[in-house]
Protein chains: 2
Amino acid sequence: MVFEQRVKMSDVARTAGVSVATVSKVVNGRYGVAQATVERVQQVIHELGYEASLGAQSLRSHRTNVLGILVAEFEPFSTELLKGASREVAGSGYQLLAYSSGDGEGAAIGWERRSLARLSGTLIDGAVIVTPTVVETKHGFHVVAVDPHTGPSGLPTVDSDNFAGAVLATDHLLSLGHRRIAHISGRPDLESARLREAGFRKAMADAGVPVDERLVRVGGFRTETAASTAAELLALPDRPTAIFAGNDLSAISTVDVARGLGLGVPDDLSVIGFDNIPESALVDPPLTTIRQPLQRMGAESLRLLIDLIAGVERDTHIQLPTELVVRASCRALR
Amino acid sequence: MVFEQRVKMSDVARTAGVSVATVSKVVNGRYGVAQATVERVQQVIHELGYEASLGAQSLRSHRTNVLGILVAEFEPFSTELLKGASREVAGSGYQLLAYSSGDGEGAAIGWERRSLARLSGTLIDGAVIVTPTVVETKHGFHVVAVDPHTGPSGLPTVDSDNFAGAVLATDHLLSLGHRRIAHISGRPDLESARLREAGFRKAMADAGVPVDERLVRVGGFRTETAASTAAELLALPDRPTAIFAGNDLSAISTVDVARGLGLGVPDDLSVIGFDNIPESALVDPPLTTIRQPLQRMGAESLRLLIDLIAGVERDTHIQLPTELVVRASCRALR
DNA sequence: GACGATGTCGAAAACGTTATCGATACCGAT
DNA sequence: ATCGGTATCGATAACGTTTTCGACATCGTC
């Protein structure tokens, strides 16, 4: 075991025979140090393996070249974003710091505000916040919201076209001949859920198919609640022949319930989801769904953040297209 | 736009009519503050939305309740670990901070040392380092290595049984009747690559099938290099009927190359990978591979780190089992 | 040889927090 | 009345950086 304390700037200074002020100038490439001194100090830095403390550095300078991604939890959705963001940040001169408050379930509301308060001003130069519910904007600190849960706020935002995606999903079912189509909607307080329901209604209206209101029910985007909703729908005397679930979790849950009732998917019931989380391809049957380009959303949000910090004038609302992914959970009505 | 600066401890102190010292005591729940004062200060903290600056806090106290996961880049491998780690950290009282140095390609060797130097001592109380190549241990700072690229160091380590996994993969191909089996190995300087090659040779030897040395070539674990290696193998006069690729990236790349040459997978060539990254299930054909329990590895590494910090006496080398995942990229030799 | 200009360096303050320790106020007991 | 003890609080010094600004040398110029 090596006995080795953290090597700090004063250690470098002492070894090189200069002051810490000079070392700082060398590290930051500032003017006013003799060439010979620069080289000597750099030599010592290299030998001692000195690296500036992020904490101390940011405390003083309010500039760290680190960007933050704040998430409630590292689950499939946010990690996909992370991959895209990571790719975008490479070569930009920034480093990436992903932070999770880690309160179980990410349930504690206001996590984004707390995490932001903890890291902003010090530590990071800007942040991407994933699926925030409440947003408030601090002066002089740049924030980009990805897939925000409330409607358009003042914040720069990256999201996908939930409305068009829902139309796509509904049209797909319609084109397969389905008419009794149900919709399991998400949490009513979430903008994305509202848009998906609106898209569903629009597609039905355009096709001249009246919506049976008993077939539109809240599923809450969650496995358990969606399951009971699906059970209700399938217990109806004239049950739907197809279900458009508000997200993939609900869809997967719906398939399970149908199975439990002895209904085959897609033989007796077609199910389509939304999101295209990686799990959707792995379930049986593989889920037909609407893809949100998550990695690209991650990349775009980072690009947007970097541009904002650099002061580039640009559009601050990016909406990416959604896309139909046909797998095996839907089939034509016989 | 709200004009709002970061609210700091002195703001709270002023509003509550006490000193910053008192506020600090309240925040940290230390003894020596009147009950009435505690309540008043907490009220103000809540109203102003005060949150301690991670940077300043750690600079002074060397204790932050934040654990770090250091990765070269956020790619599928590390994000899977992250999911597991995130689950484990919930409810532990710690928060999770994932950090990527973000040098393009993660190629710059020594990133783990630099990131560690940057964050340790300040900011984080301990760290999990993913696939480190060089490791050195600082005094009094706890580090766990996941899937380290060099052999057993002094560090606490979590990895999976690469050798047994390679045997599994090779046995699978053998059981399908293949005899001309190639191996695209990883970077020779990496322990996991060596173990996988060793497992391959062991399985071949046990089956009494001699290894044709021309069929064992370095692929380097990377898409491009694996592609050219695969091209070489498939250009051989008596080309292999099956390929065991060192990891899934190489395997996917190999399938692409085979396709390009007009070879069907699995009809004309069987391909098996290693890792079971989520992408493996999505490619066409879905990849048969060896699963490393990545999420569990992430969870175990965090558990180990927390125990080490808490001073729990325990085993510091955790090896998790690997598992064959049969999908559609291998078939019996006709 | 005196002078301003220029180049090089270090002392010291500041960033927002925590920890120590002394000051003050109040209490009951003698 | 005085005193020791206890509760409560605040001044102050750190933590490791960056930044400002003044000190000192050196140099070319007239």
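Keep in mind that this is a model prediction, so the values were computed, not measured. Throughout, a chain's letter reflects where its sequence line sits, starting with A, and its residues are numbered from 1.
D:dT17 atom P lies 12 Å from atom CG of B:Leu123, rounded to whole Å. Atom NE2 of A:His62 and atom P of C:dC15 are 8 Å apart (whole Å). Atom CG of A:Asp11 and atom C1' of D:dG16 are 11 Å apart (whole Å). Rounded to an integer number of Å, the gap from CG of B:Leu48 to P of C:dG16 is 15 Å. Rounded to whole angstrom, the span from the CZ atom of B:Arg63 across to the P atom of C:dT17 amounts to 19 Å. Atom pair A:Arg30:CZ and C:dG10:C1' shows a separation of 16 Å (rounding to whole Å applied). Rounded to whole angstrom, the span from the CG atom of B:Asn65 across to the P atom of C:dT17 amounts to 16 Å. We find that CD of B:Gln57 is positioned 19 Å from P of C:dC15, with the value rounded to whole Å.
No side-chain donor-acceptor contact under 3.5 Å links B:Ser115 to the backbone of B:Glu112. Of the possible polar contacts, one joining the A:Asp125 side chain to the A:Asn65 backbone as a donor-acceptor pair under 3.5 Å is found. The closest donor-acceptor contact from the side chain of B:Glu73 to the backbone of B:Glu75 lies at 3.5 Å or more, if one exists at all. Counting only distance, with no hydrogens or angles, the side chain of B:Thr64 and the backbone of B:Leu123 share a donor-acceptor pair below 3.5 Å.
Residue B:Tyr31 has no polar side-chain atom (N or O) positioned under 4.0 Å from OP1 or OP2 of D:dT6. Phosphate proximity of C:dG10 to A:Ser19: present, with a side-chain N or O under 4.0 Å from OP1 or OP2. A close approach under 4.0 Å does occur between a side-chain nitrogen or oxygen of B:Thr22 and OP1 or OP2 of D:dG10. Listed pair B:Thr37 / D:dC9 meets the phosphate criterion, a side-chain N or O lying under 4.0 Å from OP1 or OP2. For D:dT17, the OP1/OP2 oxygens have no side-chain nitrogen or oxygen of A:Ser61 closer than 4.0 Å.
Residue B:Ala21 is in base contact, counting any heavy-atom pair closer than 4.0 Å across all strands shown. Using a 4.0 Å heavy-atom cutoff across all strands shown, A:Val18 reaches sugar-phosphate atoms only and no base atom. If you check every strand for non-hydrogen atoms under 4.0 Å, A:Ser24 touches a base.
In the set C:dT17, D:dG16, C:dC9, D:dG16 carries the atom at the smallest distance from any side-chain atom of A:Leu59. Of the candidate nucleotides D:dT18, C:dT17, D:dT8, D:dT8 has the atom nearest to the side chain of B:Ala34. When distances are taken from the side chain of A:Ala52 to each of C:dC9, C:dG16, D:dT17, the shortest belongs to D:dT17.
Taking the charged nitrogens against the carboxylate oxygens, B:Lys8 and B:Asp11 have no contact shorter than 4.0 Å, which rules out a salt bridge. The pair B:Arg303-B:Glu300 does not meet the salt-bridge criterion, since no charged nitrogen lies less than 4.0 angstrom from a carboxylate oxygen.
For the pair B:Val33 and B:Ala56, nearest-nucleotide mapping onto DNA chain D gives the more 5' position to B:Val33. Across the interface with DNA chain C, nearest-nucleotide mapping of A:Lys25 and B:Val27 shows A:Lys25 to be the residue nearer the 5′ end.
Helix-axis bend for the helix from C:dG1-D:dC30 to C:dT30-D:dA1: the local axis fitted to the five terminal pairs at one end deviates from that at the other end by 60°, rounded to 10°.
With sequence neighbours left out, B:Thr15 forms a side chain to side chain contact (heavy atoms under 4.5 Å, CB included) with B:Val44, B:Leu48.
The base of C:dT18 sits with one of its N or O atoms less than 3.5 Å from a complementary donor or acceptor on the side chain of B:Arg60.
The distance from atom CG of A:Leu155 to atom NE2 of A:His142, rounded to the nearest 0.5 Å, is 12.0 Å.
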